[in-house]
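Quick notes on the structure that follows.
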Amino acid sequence: MSHELRQPLHIIQMNAGLLQRLPASSVSGHIRGIAESIQRAIERQTRVLNDLLDFSRVRTGKLALYCAEVDVGALVSRLADALDAMWRGGRIRTEVQAADPVLCHADAVRLEQIVGNLLDNAMKFSPEGEEIVVRIRAEDGFARVSVEDRGCGIAPEFLPHVFGLFNQGSATADGSSGGFGIGLALVHGLTVAHGGFVKATSAGIGRGAEFNIWIPLHCPAHR
């Protein structure tokens, strides 16, 4: 299935890339814009596919984690800077609420995937210009990362199901569909695979939301 889904995406991406690389004199701005739109759509679909495959690996116990000491504050700051540039900068504010670096025992690539999905989710469900706040601190043997937004919020009856696969409780800030709900299901699966846990809170529709993950802190026994 993975091969069958990826193959047409690869062909479309290759042809869109060829259009983008044509000399400006031989292609109109309109066609170039279409090629760029196709490229963005392919990137979104590829991410959905990759998330779904990773979720399948988590559920079947086939996901390999390569855990080591990770500075959570540094990782989140790098990721926030990259996403900020992509989503029209200045929206993500990070706060490390600890005197020393918060070091967790995690697979850095998968931790980036977890936090990246939470940030992407917060951006999609927040009005343009609203700030997203990420807080990092050590708490009871865990590194806690919270992502708070002032966006669409979550209905009380949906909160218990927000991390379920294919669950989607509300539309994005612009009224469009928010996607398939795969990202938050993957956040849950990857966090639990690390020996951690997740929690979502919201005061209701239109009142924002906060997503928290807890990942075990790094200790000498992990070395």
Side-chain angles (χ1 to χ4, degrees), residues 33 36-37 39-41 43-48 50-51 71-98 102 110-137 139 143-188 190-191 196-215:
E36 290 172 356
S37 178
Q39 188 71 33
R40 288 193 297 270
E43 289 169 359
R44 287 196 297 270
Q45 290 301 106
T46 300
R47 179 172 176 177
V48 169
N50 288 338
D51 279 356
D71 184 331
V72 185
L75 181 146
V76 170
S77 293
R78 289 194 303 269
L79 191 57
D81 287 344
L83 289 175
D84 234 2
M86 189 185 307
W87 283 87
R88 299 179 183 174
R91 292 186 63 188
I92 305 176
R93 173 164 56 90
T94 60
E95 300 176 1
V96 180
Q97 300 177 331
V102 179
R110 297 304 181 181
L111 186 56
E112 279 194 3
Q113 201 170 2
I114 292 169
V115 177
N117 273 326
L118 289 180
L119 289 174
D120 188 61
N121 185 73
M123 291 289 198
K124 286 192 297 186
F125 289 93
S126 296
E128 185 173 345
E130 284 287 355
E131 187 177 60
I132 311 298
V133 182
V134 188
R135 298 181 178 90
I136 303 106
R137 57 189 175 275
E139 181 179 281
R144 177 179 177 178
V145 179
S146 67
V147 177
E148 181 182 1
D149 67 69
R150 301 181 181 89
C152 299
I154 304 169
E157 64 271 18
F158 186 72
L159 267 176
H161 312 290
V162 73
F163 291 105
L165 184 63
F166 299 128
N167 285 341
Q168 193 59 267
S170 60
T172 58
D174 62 5
S176 62
S177 170
F180 299 108
I182 299 170
L184 290 180
L186 184 59
V187 164
H188 178 271
L190 289 176
T191 302
F197 54 101
V198 300
K199 183 179 180 180
T201 58
S202 174
I205 297 296
R207 303 182 68 181
E210 181 177 332
F211 288 84
N212 288 269
I213 62 164
W214 287 263
I215 302 289

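Only this structure's heavy atoms are used, side chains among them; waters, hydrogens and symmetry mates stay out.
Here the shortest heavy-atom pairing between Ile154 and Phe211 reads CD1-CZ, 3.8 Å. Heavy-atom minimum distance, Ala200 versus Leu159: O-CD2, 3.6 Å. Leu186 and Gln113 make their closest contact through CD2-NE2, 3.4 Å (heavy atoms, listed as atom of the first residue, atom of the second, distance). Shown here for Thr94 and Ala80, the closest heavy-atom pair between the two residues is CG2-CB, 3.9 Å. Shortest non-hydrogen contact noted between Leu79 and Glu112 is CD2-O, 3.4 Å. Taking all atoms of both residues into account, the shortest heavy-atom contact from Ile114 to Val187 is O-CG2, 3.6 Å.
Side-chain contact between Arg150 and Pro127: absent, with no pair of heavy atoms (C-beta onward) separated by less than 4.5 Å. Side-chain atoms of Val134 and Val145, non-hydrogen and from C-beta on, do get closer than 4.5 Å to each other. Side-chain contact check for Ile132 versus Met123: some heavy-atom pair is nearer than 4.5 Å.
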Full working for side-chain contact (heavy atoms from CB on, under 4.5 Å) between Leu184 and Asn117
CA-CA 7 Å; Leu184 290 180; Asn117 273 326; 6.0 Å; no
Pair Val115-Val72, side-chain contact (heavy atoms from CB on, under 4.5 Å): steps then yes or no
CA-CA 10 Å; Val115 177; Val72 185; over 6 Å; no
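Remark: Leu118 CG to Asp149 CG distance equals 10.5 Å, nearest 0.5 Å. To the nearest 0.5 Å, the span separating CG on Asn212 from CD on Glu139 amounts to 8.0 Å. The distance from atom CD1 of Ile213 to atom CD1 of Ile136, rounded to the nearest 0.5 Å, is 9.5 Å. Once rounded to the nearest 0.5 Å, the distance linking CZ of Arg144 with CZ of Arg135 reads 9.5 Å. Distance check, rounded to the nearest 0.5 Å: CD of Glu148 to OG of Ser126 gives 10.0 Å. Distance check, rounded to the nearest 0.5 Å: SG of Cys152 to NZ of Lys124 gives 11.5 Å.
Between His188 and Phe163, the ring planes are tilted. Angles from 30° to 60° get that label.
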